Amino acid sequence: MTDTRDPSTTQSAWNITLPGTSRALRFEVVDPDRHTPLLHDWLRRPHVAPWWGKERDLDQTRAYLVRQGASAHLVPWVVYRDEEPFGYTETYRAAEDPLALAYPLAASDRGWHVLVGPPEHLGTGLPRLLGRAVLAHLLADPAVDRVVCEPNQQNLRMIGFCRALGYEVIDVVDLPDKRALLLGCTRAAHAARWPEDRA
């Protein structure tokens with residue numbers, strides 16, 4: 001059963017406007033019936049496809065979203081600015097994820113995956129705002145000490161993105177589909193980098 005007290009797995013839409021910006025973001029839980037065509041398109045984009053696995057047809061994309069949505073430890077989200085969807089993210093309890101088979105993660109660790117679909121948003125500051133929003137959301141739970149992610153070691157754009165958010169390298173881990181750089185942003189590192197965001 002999903003723990004409704006845990007921001008990483010709460011099944012409720014949420015909105016956030018971070019300090020220093022007027023751009024409000026909305027996070028909606030994925031609805032496979034509504035969002036499958038959108039995600040199918042995004043997952044095939046040249047800047048996304050190399051990092052998100054095999055080519056999926058529409059039915060396979062829907063099955064993936066259904067499977068992610070049915071997970072007890074993970075929630076998939078579509079991210080909107082105003083009424084425009086531009087991002088997809090998954091938040092999860094890291095110690096219950098397959099990642100924990102490759103590295104000893106604490107019960108207080110949370111994780112996330114992310115992609116930005118429309119390429120025109122890359123380099124605009126909007127992806128970083130999304131990343132800040134997820135960190136603020138997950139670390140708003142006082143029980144969470146660290147947020148982790150595990151980009152492909154060759155995905156230099158994603159690694160640079162995470163470092164700019166305050167992540168530091170924890171280790172290199174071998175996962176079934178990639179050699180990954182395990183990165184973590186602690187509560188203390190987040191407070192130093194984005195001191196007003198959790199408020």
Side-chain angles (χ1 to χ4, degrees), residues 1-31 35 65 68-100 103-116 121 124-151 158-170 182-199:
M1 175 178 289
T2 297
D3 183 351
T4 57
R5 298 166 299 175
D6 181 347
S8 63
T9 54
T10 297
Q11 297 269 0
S12 300
W14 53 282
N15 301 283
I16 188 168
T17 302
L18 288 165
T21 178
S22 60
R23 294 188 286 188
L25 302 184
R26 178 171 176 78
F27 289 71
E28 288 187 5
V29 177
V30 165
D31 175 352
H35 292 128
L65 296 177
Q68 297 303 82
S71 170
H73 80 286
L74 177 151
V75 178
W77 308 90
V78 171
V79 189
Y80 294 77
R81 184 191 63 173
D82 300 323
E83 299 301 317
E84 178 191 5
F86 75 93
Y88 172 77
T89 187
E90 298 169 347
T91 56
Y92 61 93
R93 290 193 292 264
E96 298 170 40
D97 191 77
L99 175 61
Y103 189 88
L105 294 165
S108 58
D109 288 335
R110 297 297 179 266
W112 74 310
H113 306 127
V114 65
L115 68 86
V116 171
H121 291 311
T124 65
L126 194 58
R128 183 175 296 185
L129 198 61
L130 188 165
R132 286 174 57 192
V134 171
L135 276 172
H137 182 67
L138 296 179
L139 290 168
D141 181 351
V144 175
D145 293 324
R146 180 173 64 176
V147 179
V148 299
C149 59
E150 71 318 347
M158 180 63 181
I159 292 167
F161 169 76
C162 290
R163 285 184 177 279
L165 287 170
Y167 285 82
E168 296 182 352
V169 176
I170 299 171
L182 181 62
L183 303 169
C185 182
T186 64
R187 176 175 294 278
H190 181 258
R193 181 72 179 85
W194 309 106
E196 299 179 359
D197 277 11
R198 286 205 306 273

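Reckoned from all heavy atoms, side chains included, excluding hydrogens, waters and symmetry mates. In this text the structure is predicted, and so the values were computed from the model without any measurement.
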Testing the basics here: between [X] and [Y], what is the closest heavy-atom pair and its distance to 0.1 Å?
{"X": "Ile16", "Y": "Ala136", "answer": "CD1-CB, 4.3 Å"}
{"X": "Gly166", "Y": "Ala189", "answer": "O-CB, 4.0 Å"}
{"X": "Cys162", "Y": "Leu183", "answer": "CB-CD1, 3.6 Å"}
{"X": "Arg81", "Y": "Leu25", "answer": "CB-CD2, 4.1 Å"}

(request) Just say parallel, tilted or perpendicular for the rings of Trp77 and Trp14, cut-offs at 30° and 60°. (result) perpendicular

[X] versus [Y]: any side-chain heavy-atom pair under 4.5 Å?
{"X": "Glu90", "Y": "Val30", "answer": "no"}
{"X": "Tyr88", "Y": "Leu65", "answer": "yes"}
{"X": "Tyr167", "Y": "Ile159", "answer": "no"}
{"X": "Leu99", "Y": "Leu182", "answer": "yes"}
{"X": "Leu165", "Y": "Leu135", "answer": "yes"}
{"X": "Arg110", "Y": "Leu139", "answer": "no"}

Starting at [atom1] of [X], measure out to [atom2] of [Y] and round the result to the nearest 0.5 Å.
{"X": "Arg23", "Y": "Leu130", "atom1": "CZ", "atom2": "CG", "value": "11.0 Å"}
{"X": "Asp109", "Y": "Arg146", "atom1": "CG", "atom2": "CZ", "value": "4.0 Å"}
{"X": "Gln68", "Y": "Leu74", "atom1": "CD", "atom2": "CG", "value": "5.0 Å"}
{"X": "Leu138", "Y": "Arg198", "atom1": "CG", "atom2": "CZ", "value": "11.5 Å"}
{"X": "Cys185", "Y": "Trp112", "atom1": "SG", "atom2": "CH2", "value": "10.0 Å"}

(request) For a side chain to side chain contact (heavy atoms under 4.5 Å, CB included) with Leu129, tell me which candidate from Leu18, Thr17, Val134 qualifies. (result) Leu18

(message) Ignoring hydrogens and geometry beyond distance, is a side-chain donor-acceptor pair present between His121 and Glu84 at under 3.5 Å?
(response) yes

(message) Is it true that, when you exclude Arg128 itself, more than 12 heavy atoms of the residues, nucleotides or ligands shown sit nearer than 6.0 Å to its CZ?
(response) no

